[in-house]
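Written out below as structure tokens is the structure these notes cover.
The basis for the numbers below is simple: all heavy atoms, side chains too, and nothing from hydrogens, waters or symmetry mates.
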Amino acid sequence: MELDSNQIQKILPHRPPMQLVDRIVDFEPGVWAEGIKCVTVNEPFFVGHFPECHVMPGVLIIEALAQTGAVAILSKEENKGKIAFFGGIKNARFRKQVKPGDVLHLRCEITAQKGPVGFGKATATVDGKVAASAEISFAIGEGENA
């Protein structure tokens, strides 16, 4: 099942410039999601990171992965209208710089969940090469519309 940016906004509360997933290419609610971020030179963070050597900040790659995982967890019927908050990041590794023109492929698999707390394994790739990976945890909270 594929979701465009407008459909993603019906699941996630993020809006530009903090919506870091352009498209969900496939997902299984509560289990996993795969997304795409098309990195362009027009990203607001490139103004300062770095003006003469544009590199997407690693923390924003992790955020894009977390948003991908949030689509998986928040698309479950019982979580609709809620928010997934970061709980933690473990074993984050950055292996490849992400630059303008790159297509960042994002995958997050939910590995465990007990009540509102859960864990995921996330990997971001560019051209089939790992750019970043991490284990993330989250807590599901109430949104305005819940």
Side-chain angles (χ1 to χ4, degrees), residues 1-76 78-80 82-141 143:
M1 188 170 7
E2 189 167 310
L3 302 174
D4 66 23
S5 59
N6 293 357
Q7 292 167 313
I8 292 168
Q9 287 185 354
K10 291 178 182 173
I11 299 170
L12 299 182
H14 303 81
R15 297 297 180 263
M18 284 307 298
Q19 182 178 348
L20 298 175
V21 180
D22 295 327
R23 182 175 39 158
I24 294 295
V25 294
D26 201 5
F27 71 103
E28 184 177 339
V31 181
W32 60 271
E34 291 184 3
I36 298 287
K37 167 66 177 162
C38 298
V39 182
T40 73
V41 74
N42 295 321
E43 307 289 348
F45 49 80
F46 286 138
V47 172
H49 199 274
F50 300 99
E52 296 184 20
C53 182
H54 296 146
V55 177
M56 185 174 182
V59 296
L60 294 181
I61 298 170
I62 299 296
E63 174 65 23
L65 286 165
Q67 289 180 22
T68 302
V71 168
I73 205 68
L74 297 176
S75 62
K76 287 177 67 174
E78 63 266 28
N79 293 331
K80 289 188 177 174
K82 295 184 179 179
I83 297 174
F85 295 100
F86 248 130
I89 304 166
K90 286 177 35 180
N91 300 319
R93 299 288 181 264
F94 303 96
R95 293 177 165 78
K96 180 179 181 353
Q97 292 181 354
V98 176
K99 299 183 173 195
D102 286 343
V103 177
L104 197 56
H105 293 263
L106 309 158
R107 179 173 172 86
C108 186
E109 179 182 341
I110 307 304
T111 57
Q113 185 176 355
K114 184 169 174 99
V117 177
F119 301 88
K121 182 178 177 182
T123 306
T125 61
V126 175
D127 295 328
K129 296 180 181 146
V130 175
S133 61
E135 298 168 43
I136 57 176
S137 60
F138 59 88
I140 299 171

Next on the checklist: Please check: side-chain N/O of Ser133 versus main-chain N/O of Ala122, any donor-acceptor pairing under 3.5 Å?
Outcome noted: no
Checklist entry - Distance-only, no hydrogens or angles: does the Gln7 side chain make a donor-acceptor pair with backbone N or O of Asp4 under 3.5 Å? => result yes
Checklist entry - Would Leu12 and Gln19 count as a side chain to side chain contact (heavy atoms under 4.5 Å, CB included) if you check the C-alpha gap in whole Å, the side-chain angles of each, and the deciding distance to 0.1 Å? => result CA-CA 8 Å; Leu12 299 182; Gln19 182 178 348; 5.8 Å; no
Next on the checklist: Could you work out, with salt bridge (Lys or Arg N to Asp or Glu O under 4.0 Å) as the rule, every residue matching Glu34, not counting sequence neighbours?
Outcome noted: Arg107
Next on the checklist: Is the shortest side-chain heavy-atom distance between Val39 and Val103 below 4.5 Å?
Outcome noted: no
Checklist entry - Got more than 12 heavy atoms from elsewhere within 6.0 Å of CG, Asn91? => result yes
Next on the checklist: For a side chain to side chain contact (heavy atoms under 4.5 Å, CB included) check, start with the C-alpha distance between Phe138 and Ile110, then their side-chain angles and the critical distance, and finish with the verdict.
Outcome noted: CA-CA 10 Å; Phe138 59 88; Ile110 307 304; 4.1 Å; yes
Checklist entry - Under a 4.5 Å cut-off applied to non-hydrogen side-chain atoms, are Phe86 and Ile62 in contact? => result yes
Checklist outcome for this item: Heavy-atom closest pair (Ala132 atom, Phe94 atom, distance to 0.1 Å) is CB-CD2, 3.8 Å
Checklist entry - For the side chain of Asp102 and the backbone of Lys99, is there at least one donor-acceptor N/O pair under 3.5 Å apart? => result yes
Item to check | Test item: Val21 and Val71 side chains (from C-beta on) under 4.5 Å apart, heavy atoms | outcome: no
Checklist entry - Is there a side-chain contact between Cys108 and Ile136, using heavy atoms and a 4.5 Å cut-off? => result yes
Checklist entry - Which heavy atom in Ala92 sits nearest to a heavy atom in Ile89, and how many Å separate them? => result CB-CG2, 3.9 Å
Next on the checklist: What verdict does the side chain to side chain contact (heavy atoms under 4.5 Å, CB included) test give for Glu135 and Phe119, after you've listed the backbone C-alpha separation in whole Å, the side-chain angles of each residue and the deciding distance to 0.1 Å?
Outcome noted: CA-CA 7 Å; Glu135 298 168 43; Phe119 301 88; over 6 Å; no
Item to check | Side chain proximity check, Val126 to Val98, heavy atoms < 4.5 angstrom | outcome: yes
Checklist entry - Is there a side-chain contact between Pro13 and Ile83 (heavy atoms, below 4.5 Å)? => result yes
Checklist entry - Roughly how far, to the nearest 0.5 Å, is the OG atom of Ser5 from the CD1 atom of Ile24? => result 11.0 Å
Checklist entry - For Lys82, does its backbone N or O pair with a side-chain atom of Asn79 as donor and acceptor, under 3.5 Å? => result no
Next on the checklist: Within this structure, what is the CE-NZ distance for the pair Met56 and Lys96, rounded to the nearest 0.5 Å?
Outcome noted: 13.0 Å
Checklist entry - So do the side chains of Thr40 and Pro100 get within less than 4.5 Å of each other, counting heavy atoms only? => result no
Checklist entry - Within a reach of under 6.0 Å around NZ of Lys121, are more than 12 heavy atoms found that belong to other residues, nucleotides or ligands? => result no
Checklist entry - Looking at Lys37 and Glu43, does any basic side-chain N land under 4.0 Å from a carboxylate oxygen? => result yes
Checklist entry - With sequence neighbours left out, what residues match Glu2 under salt bridge (Lys or Arg N to Asp or Glu O under 4.0 Å)? => result Arg23
Item to check | Residue pairs passing the side-chain hydrogen bond (donor to acceptor under 3.5 Å, both in side chains) test where at least one lies in residues 55-75, sequence neighbours excluded | outcome: His14-Glu63, Glu63-Gln67
Checklist entry - Hey, does Ile61 have a side-chain heavy atom less than 4.5 Å from the side chain of Leu104? => result yes
Item to check | Atom pair SG/CZ of Cys53 and Phe46 - distance to nearest 0.5 Å | outcome: 10.0 Å
Checklist outcome for this item: Value for CG (Leu106) from OG1 (Thr123), rounded to nearest 0.5 Å, stands at 10.0 Å
Next on the checklist: With rounding to the nearest 0.5 angstrom, report the CD1 to CG distance, Ile8 to Asp22.
Outcome noted: 7.5 Å
Checklist entry - Which atoms form the tightest heavy-atom contact between Pro16 and Gln9, and what is the distance? => result CD-NE2, 3.7 Å
Item to check | From CA spacing to verdict: side chain to side chain contact (heavy atoms under 4.5 Å, CB included), Gln113, Ile140 | outcome: CA-CA 10 Å; Gln113 185 176 355; Ile140 299 171; 3.5 Å; yes
Next on the checklist: On a heavy-atom basis, which atom in Trp32 and which in Glu109 lie closest, and how many Å separate them?
Outcome noted: CB-CA, 4.0 Å
